[in-house]
Amino acid sequence: MGKDVEEIIMAGFGGQGILFLGKILAEVGMAAGRHVSWIPSYGPEMRGGTANCTVVISTTPIASPIVQEPDTLLAMNRPSVARFQPKVKKGGTLIYNASLIEGEAWRDDLNVIAVPASRIADELGNAKVANLVMAGAYVRHCPFLDYQKVLADLPKVIPAKKVEMAEINRAAFVRGYEYQG
Amino acid sequence: MADKVLMKGNEVIGEAAVLAGCRYYFGYPITPQSELPAYLARRLPEVEGVFLQAESEVAAINMVYGAASAGARVMTSSSSPGVSLKQEGLSYIAGAEMPCVVVNVVRGGPGLGNISPAQSDYWQATRGGGHGDYRTLVLAPNSVQEMADMTIAAFELADRFRNPVLLLVDGILGQMMEPVQLPAPTTYDINQKPWALGNPNPRKGGRNLCSTIFLDVEQLEEHNWHLYQKYQVVTDEFAKGAYKHLAVETHAVDDAEIVLVGYGIISRILKTVVEKARKRGIKAGLVRPKTLWPFPSQVLADLAAKTKQFLVVEMSCGQMVEDVKLAVDGKKPVFFFGRTGGTVPSDFEILNEVDKLVRPD
């Protein structure tokens with residue numbers, strides 16, 4: 001069943017769908033039968049600056065939902081790397097949006113994965129689905145989430161009013177999952 | 001039973017209020033609780049209820065007074081500065097013995113402070129807050145599930161004791177999402193309270209009156225002692241264990257050499273601290289007051305005979321610590337660790353404090 005607790009921080013610009021990315025991961029964790037918690041940053045950064053969000057997915061009830069040292073960081077912009085890379089647990093995973101982040105000094109004790117999330121989203125015709133590309137990339141590297149099950153649950157987690165939107169959501173998630181640098 | 005759903009704490013309070021039969025909400029938006037009025041603005045009309053965004057917090061709490069006088073289950077919510085504005089009305093409501101639920105999703109103060117989570121309204125909540133000799137019951141959930149359960153309990157307690165009940169929640173709990181199992185709806189009859197307006201009262205000249213005016217000295221003194229006796233009944237019932245599930249939670253206290261005390265989100269961090277401390281060979285335990293008034297003093301008094309010391313942790317400069325000291329009554333040392341201004345203490349820094357206390361060398 002994989003590891004017992006997975007603590008994730010995701011961060012980016014307001015408008016990149018960071019909080020929603022967290023909600024997707026919490027929902028799929030819940031659908032996988034795990035305990036989950038989701039805490040947003042709700043400060044002034046909501047109004048256009050940087051946003052971040054903390055998700056815990058655990059086999060046992062979650063004591064503290066506050067995360068100091070995440071297992072995984074999903075970084076959607078450069079300020080997120082500066083702020084959160086130092087906090088990631090030794091041996092943890094850092095997935096970053098390579099379309100907007102380059103030339104960073106990466107820690108050598110992390111599993112660093114580049115995913116051009118914004119470029120893939122643009123190719124799909126909707127810049128807003130970069131968060132779903134990141135979700136796909138995360139599921140690929142998460143030891144306990146089953147790709148096929150998450151893919152099947154996706155329409156429930158992201159109810160899309162239009163068929164085209166549901167298709168783009170799915171495509172973004174699949175592209176993120178399948179991306180290999 | 002319905003399936004678990006992933007919901008935000010603030011929204012869960014709104015839904016639980018509806019399930020408890022609350023059909024009236026009056027409030028004014030303020031971060032970090034605005035999702036609650038936003039939710040009820042959509043939800044209450046679906047159940048033929050009334051959602052009203054008042055012109056101010058002062059107006060909202062007095063609308064609550066009116067709806068409660070009419071026998072309705074009614075709620076208002078705000079965050080710290082807004083709850084300060086409600087204190088005058090809350091004093092009237094407590095004086096007139098009107099049941100209602102008031103939610104405070106606490107942010108940093110004093111003054112405008114900031115919108116980050118805090119626990120610095122403990123004194124305001126548990127000591128009355130407004131003028132006059134009165135008490136409000138105060139419930140402090142630590143999870144989204146408890147925010148549902150305690151909202152429903154708050155309405156029941158309010159009716160049971162004809163008293164306002166406060167739900168004291170910090171900004172994190174209001175904002176966080178967790179899976180929640182919502183309880184079945186209860187039906188509430190607005191005409192079930194014999195003291196409410198509109199019902200006949202043969203003793204008082206044919207009609208009920210909800211008022212706080214006692215111009216006559218003897219009458220007011222009699223009313224004050226009547227309220228006092230009611231608060232004694234509340235305290236006694238809690239002390240006797242009538243609301244055991246609501247009063248207090250203990251964790252690993254039986255062999256504890258140090259007992260940590262905290263409520264709300266802090267209690268969850270403390271649970272992690274207890275686990276980490278025990279891995280280091282430190283016998284730590286946890287007492288979590290779930291009801292802040294009446295305060296679960298007896299549990300702490302009993303532990304004072306067994307443990308060596310207490311450490312109270314709060315997101316304030318130290319408020320609940322006074323109640324812990326009163327309960328422990330000098331029998332064992334009571335220490336305090338706090339962070340403020342929106343800083344949530346980490347389990348590392350609390351564990352560090354525990355280390356220093358247990359191994360002072």
Side-chain angles (χ1 to χ4, degrees), chain A residues 4-5 7-10 14 18-47 49 51-70 84 86-87 89-90 150 153-154 156-159, chain B residues 3-10 31-35 79 105 107-108 114-117 142-145 170-181 249 251-252 260 262 264-276 286 288 313 315 339 342-351:
Chain A
D4 293 337
V5 187
E7 298 179 335
I8 312 148
I9 289 181
M10 50 228 89
I18 297 297
L19 303 187
F20 189 61
L21 170 59
K23 185 166 187 270
I24 292 166
L25 299 185
E27 289 272 10
V28 300
M30 199 169 118
R34 298 209 168 203
H35 298 269
V36 297
S37 65
W38 174 97
I39 300 178
S41 58
Y42 63 88
E45 60 265 39
M46 272 170 70
R47 284 97 184 168
N52 70 79
C53 169
T54 301
V55 170
V56 181
I57 305 176
S58 170
T59 49
T60 52
I62 296 162
S64 172
I66 315 283
V67 171
Q68 310 291 339
E69 298 182 325
F84 292 110
K87 295 180 189 247
K89 218 170 269 174
K90 216 175 168 178
V150 173
D153 288 338
L154 214 53
K156 270 186 288 173
V157 176
I158 322 166
Chain B
D3 282 345
K4 280 194 173 181
V5 286
L6 189 67
M7 276 181 85
K8 213 175 211 201
N10 283 334
T31 305
Q33 63 83 56
S34 292
E35 294 85 359
S79 179
V105 183
R107 59 188 252 180
N114 66 27
I115 61 175
S116 298
N142 81 346
S143 68
V144 173
Q145 182 65 54
D170 62 77
I172 293 182
L173 288 165
Q175 292 295 320
M176 81 185 280
M177 284 201 284
E178 281 185 315
V180 59
Q181 189 146 43
E249 178 195 343
H251 174 64
L260 309 180
I265 192 71
I266 290 293
S267 67
R268 294 179 62 166
I269 300 169
L270 293 182
K271 207 165 205 173
T272 298
V273 173
V274 167
E275 284 160 19
K276 288 189 174 174
L286 167 66
R288 163 167 83 106
V313 183
M315 286 192 289
R339 294 298 304 265
T343 307
V344 183
S346 71
D347 51 291
F348 304 130
E349 58 187 321
I350 300 169
L351 192 56

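In what follows, chains are A, B, ... by sequence order, proteins preceding strands, each numbered from 1. Note: hydrogens, waters and symmetry copies are ignored here, and every other heavy atom, side chains too, is used.
Between A:Ser37 and B:Met176 the shortest side-chain heavy-atom distance falls below 4.5 Å. Between B:Ser346 and A:Ile66 there is no side-chain heavy-atom pair separated by less than 4.5 Å.
With a 4.5 Å cut-off on non-hydrogen atoms, B:Val5 touches chain A through its backbone but not through its side chain. Neither the backbone nor the side chain of B:Leu173 comes within contact range of chain A; no heavy atoms are under 4.5 Å apart.
The residue among B:Ser267, B:Gly342, B:Pro117 with the most heavy atom pairs within less than 4.5 Å of chain A is B:Pro117. Of the listed residues (B:Gly9, B:Pro32, B:Ser143), the one with the most heavy-atom contacts under 4.5 Å to chain A is B:Pro32.
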Derivation of the side chain to side chain contact (heavy atoms under 4.5 Å, CB included) call for A:Gln68 and B:Asp347:
CA-CA 8 Å; A:Gln68 310 291 339; B:Asp347 51 291; 3.9 Å; yes
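In this structure, CD1 on A:Ile24 lies 11.5 Å from CG on B:Leu6, to the nearest 0.5 angstrom. Taking CD1 of A:Ile39 as the reference point, atom NZ of B:Lys8 lies at 11.0 Å (rounded to 0.5 Å). Separation of atoms CE (B:Met177) and CE (A:Met30) is listed at 10.0 Å; rounding is to 0.5 Å. The distance from the CH2 atom of A:Trp38 to the CE atom of B:Met7 is 12.5 Å, given to the nearest 0.5 Å. Of the inter-residue distances, the one linking B:Leu270 atom CG with A:Ser64 atom OG reads 9.0 Å to the nearest 0.5 angstrom.
The nearest pair of heavy atoms linking A:Ala63 to B:Lys271 is CB-CB, 4.0 Å.
At distances below 3.5 Å, not a single donor-acceptor pair connects side-chain atoms of B:Arg268 with backbone N or O atoms of A:Pro65.
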